[in-house]
Amino acid sequence: MQFRAIGASGGNRAPRPRHQALVNAVRPAIIVGSMPPGAVATPLHSTERAPWFSLQRWAHVRDVLRELIARDVKLRYRGSYFGMAWTLLNPITELAVLYFIFGSVLPLSIPNYAAFLFTGLLVYTWFQSSLFSATVAVVSNRDLIRRPNVPLAVLPIISVASTLLHFLLSLPVLFALLLVTGVPITAAALTLPLLIGVQFVFILALAYPLAALHVWFRDTQYFLKVALQLLFFLTPVFYESKTIPEQFRYLYAINPMVGIVDGYRDVLVRGVVPPWQTWLTLLAVSTGLLLVSLAGFRRASRHFADEL
Amino acid sequence: MNAAIDVSNVSKSFRRYRPDRPMMLQEVLARGFRGLRTTEQFWALRDVSFSVPRGRAVGIIGTNGSGKSTLLRLVGGIGSVDSGRVRVNGRVGALLDLGSGLHGDLTGRENVIVAGVLNGLSRREVLRRFDAIVAFSEIEKFIDNPMRTYSSGMQMRLAFAINVHTNPDVLLIDEVLAVGDAAFQRKCLARIQEFKANGCSILLVSHGLAVVQRLCDEVLWMNNGRLMAHGPVNQVVRQYEAHVGYTMEPELVAEGAAAAPVTVNAPATPAPAAAAVAPGVPALPDDGGTPAEGMRIVAVGLLDGTGHALEEFRSGQPLQVAIDFETTGAASPPRFRVRVVREDGLVCCDLATDGIDMSRLPSTGRGRMVLMLDRLDLNSGRYGVDIVPYPEAAPHDGGAQAPGCPLTVIGDSVREAVLAVPHRWEFDAGAWDAGLAGREPTP
């Protein structure tokens, strides 16, 4: 090792300006993985492009996801008296109030209204609570961001997945309600997992930009609160989407939650499978959004550690 | 060269805002948008390049705010560079913020698994090492209790144990070696040396130069975000000391002693020339220290009663402090002062050659002064032995100090006191009330 004199630490090249560095330095390896001992070492993270796919990396991401989701679920209601029951108490109280209002006070005369309403409520609750928790996913996990080896892109997934678990746990109650109120459960219900998958992708596509934006702009969560409150009325949760006047239909249908909630209703309450055009649109829109927002999140995530 | 870490021309800046930057919209509206602009760019790192070959341990030293930790984080892939390139080959292990990723509401067991997976292990690997981790942390009994019920020492021990039970190719360490008690620290150091022996490259940030000297093969010296020097440990440490006007103050002796609890006075690489002068006496760097005018201390060593290098010191044993020095035309005979300082800075004894006729010493030449202590009844603990040469003109507190030697005293008593005075207890039943009566012990 040769000894270097003071100041002789390389050339006097001025560092490039920040914005150019931002454009040039591509570091897609947010998902950093592990390798078994003895494997040939490849650069796991560097400012250069890392291999996009490696089995070990994905195995590690899977383990990280599993552990962090388990932690999230364990911690969510730890110390509370009702615990997991809160997952159900919320939509059930809403169901009671809305059923009273639109069943008796301002009757909408929708068939199977209780099942109709509860389906919409559960779907919207998952959407809403996962976005709330995903928005703060990066900011509230500061210590994970300051650790090497943590694939940051998993953070919003954890929020969406742990709320998904709560959604799945309340499905039996929904089925019980369908049975009690005499709604026949048909083979159409078999497409439910596909619908859940589409909704997962769609929520995630919104979660990434929200989580990243919240790092720089802490008002995001307040805006989100207002937006979701308004969106509740613009989504057919307690009314039918076909009651929207013809001239507003197109505008109304921009909200993908309209198609998703209608999809659940078709499958569960009306017992029909939505036409393939609907599926295609939902899938294409959600996947397209997700790809764009994930790319944006990865770009932004290089700066998380500096901003938090 | 297949380097484990390769950093080339890395620069990194942080934006610094005005102190009165408006944080809320109402302030922005009141004062206009001008305040929002960043005022200056603060360069945390400027054009830093170095590489670490496999299996080498490299220390990073420098004053606070010199960019050490930023550099370490970038190597760990945390944060983005403004320009340049960081490459790391292999799995990164980190002892950065130890407690991060642990959650107080989870039990120790749950935390071990989550944190182990976050460290890059697979779930199965974590489960396989689980027992080893718990054994290392020494909290077997509490592993199923929530982490918030742990003492901070227990939390740190568990965190450390999790973090050292990975098999990284590159280990990053940031000032975390002061975890737990002396025994645990020793274990931590041993573990890190084990990593190194297994071919793991280490990048270590520390203010404790003794730790750096003990663990590292090379040192990077950072100052104001620039790499000032990169080279052999003693050379760079000396440069750094000269730069910051570093003198071995009692606190620093204590730090050195605390960091190296087992070995008594063993600098990482003794300079061969000096070692030849005084076998058994560890050498100081060639032009080490800046002692009194006309005199230079070449080496300092602690010897046992028979004049051999000290292996371990038990309270009450004799101790010799050997000082090899060189005089080059000093105007007056040299004088010496030796202090034994406890790790918290308390001076336990301060012995000088005052009143001793030193005129016999040659004004030019070499020699060894030995301070003979017939017995040293210090309580067990960590001390430093300071050598303070000073010129005739300034009999007290004059002259620069040579770096001290750490001295660990082993004894039976662990009570808080400076002295472990030789003593015994006797029982005499017949002597009761024979003269002590009426003098009851004050409560």
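Only a predicted model underlies this, so the values are computations on that prediction, with no experimental measurement involved. Below, read A as the first sequence line, B as the second, and so on, with proteins coming before strands; counting in each chain starts at 1. These numbers come from the heavy atoms of this one structure, side chains and all, not from hydrogens, waters or symmetry mates.
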If we ignore hydrogens and angles and just use 3.5 Å, is the side chain of R91(B) paired with the main-chain N or O of G120(B) as donor and acceptor?
yes

Decide yes or no for V226(A) and Y222(A): does some side-chain heavy atom of the first lie under 4.5 Å from some side-chain heavy atom of the second?
no

Do R85(B) and D6(B) come within less than 4.5 Å of each other through their side chains, counting heavy atoms only?
yes

Side chain, backbone, both or neither: which part of R123(B) has a heavy atom under 4.5 Å from chain A?
both

Is N163(B) in contact with chain A via its backbone, its side chain, both, or neither, using a 4.5 Å heavy-atom distance?
side chain

From the list L75(A), V64(A), L144(A), the residue making the most non-hydrogen contacts under 4.5 Å with chain B is L75(A)

Between R142(A), R62(A), K74(A), who has the most heavy-atom pairs with chain B when the cutoff is under 4.5 Å?
K74(A)

For F14(B), does the six-membered ring have the charged nitrogen or CZ of K12(B) within the cation-pi criterion, i.e. under 6.0 angstrom from the centroid and within 45° of the normal?
yes

Salt bridge flag under 4.0 Å for residues R76(A) and D72(A)
yes

Salt bridge present between D105(B) and R148(B) (N-O < 4.0 angstrom):
yes

What part of I145(A) gets closer than 4.5 Å to chain B, counting heavy atoms only: side chain, backbone, both or neither?
backbone

Looking at W43(B) and S13(B), what are the two nearest heavy atoms and their distance?
CE3-CB, 3.7 Å

Neighbour count above 12 (heavy atom, 6.0 Å) for W86(A) CH2:
no

Parallel, tilted or perpendicular: which describes the rings of W126(A) and F167(A), with under 30° parallel and over 60° perpendicular?
parallel

Close contacts, residues 112-119 of chain B versus chain A, judged by heavy atoms under 4.5 Å
I113(B), V114(B), A115(B), V117(B), L118(B), N119(B)

Given the options D217(B), V126(B), L106(B), which has more heavy-atom pairs under 4.5 Å with chain A than any of the others?
L106(B)

